[in-house]
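Data block below; observations after.
Indexing begins at 1, ligand by ligand and atom by atom, following the structure's order.
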Amino acid sequence: MMKLNVNGASHEVESDPSTPLLYVLRNDLKLNAAKFGCGLGQCGACTVMVDGVATFSCLTPIMLLEGRQIKTVEGLGTIDNPGPMQEAFIEEQSAQCGYCIAGMMMRAQALLEAKPDATDSDIRTALEPNLCRCGTHMRILRSVQRARELMKSASATPVSAG
Ligand code: FES
Ligand code: FES
């Protein structure tokens, strides 16, 4: 029995400690945003955040994750109350098949949490490990640029009217 913290909630998991996180997320916790693409760390479809760092969940056994903070797209917001990253991807209509999108969002979220003023070049470089077979790269880039602005305005301190 292992305890995993996912999206701020603690879960007891019975799976073998060598099981990749991706399978536990999808099969045990029914968090299906992260996708299986290659299983080899070569496509990024399975990307989640672990302690704020973009991580291939297909390559990460759960034995490494006790006490760490795991975040998936489901932790970024809800259908009724999407977070800035989700809102930006919806507004730019970035998804075609959508298979790559959850991984793209999590890698971009990790970048913007670590570097709120990331340049367009930083975004391109950060997203390099994630592939999109549908070729919506330009919309994905626009989405992350939009998310950057939304996250900045969300974190701006309101000025008191005095
Ligand atoms: S499924 Fe993990 S990198 Fe492709
Ligand atoms: S939208 Fe289809 S793989 Fe990216």
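Ser143 pairs by the side-chain hydrogen bond (donor to acceptor under 3.5 Å, both in side chains) definition with Ser94, not counting sequence neighbours. The side-chain contact (heavy atoms from CB on, under 4.5 Å) search around Ile79 returns none, not counting sequence neighbours.
The atoms of ligand 1 that sit less than 4.0 Å from any heavy atom of Gly41 are 3 (S). Of all atoms in ligand 1, numbered sequentially from 1 with element shown, those under 4.0 Å from a heavy atom of Gln42 are 3 (S). Using a 4.0 Å cut-off to heavy atoms of Cys58, the atoms of ligand 1 that qualify are 1 (S), 2 (Fe), 3 (S). In the vicinity of Cys46, heavy-atom distances shorter than 4.0 Å reach the ligand 1 atoms 1 (S), 2 (Fe), 3 (S).
For the residue pair Thr119 / Asp122, a side-chain donor-acceptor distance below 3.5 Å is found, with atom types taken as modelled. Between the side chains of Gln145 and Glu149, not a single donor N or O lies within less than 3.5 Å of an accepting N or O.
Enumerated by chain and number, the residues approaching ligand 2 to less than 4.0 Å through a heavy atom are Gln96, Cys97, Gly98, Cys100, Cys132, Arg133, Cys134.
A salt bridge (Lys or Arg N to Asp or Glu O under 4.0 Å) check over residues 86-101, counting only residues at least two apart or in different chains, returns the pairs Glu91-Arg146, Glu92-Arg142, Glu92-Arg146.
A distance of 11.0 Å separates CZ in Arg148 from NZ in Lys115, rounded to the nearest 0.5 Å.
Among the atoms of Cys38, an N, O or S atom is found under 2.8 Å from atom 4 (Fe) of ligand 1.
When side chains are defined from C-beta on, Pro116 does not count as touching Met151, because their heavy atoms never get closer than 4.5 Å.
For Lys152, the NZ atom counts as densely surrounded, since its 6.0 Å shell holds more than 12 non-hydrogen atoms of other residues, nucleotides or ligands.
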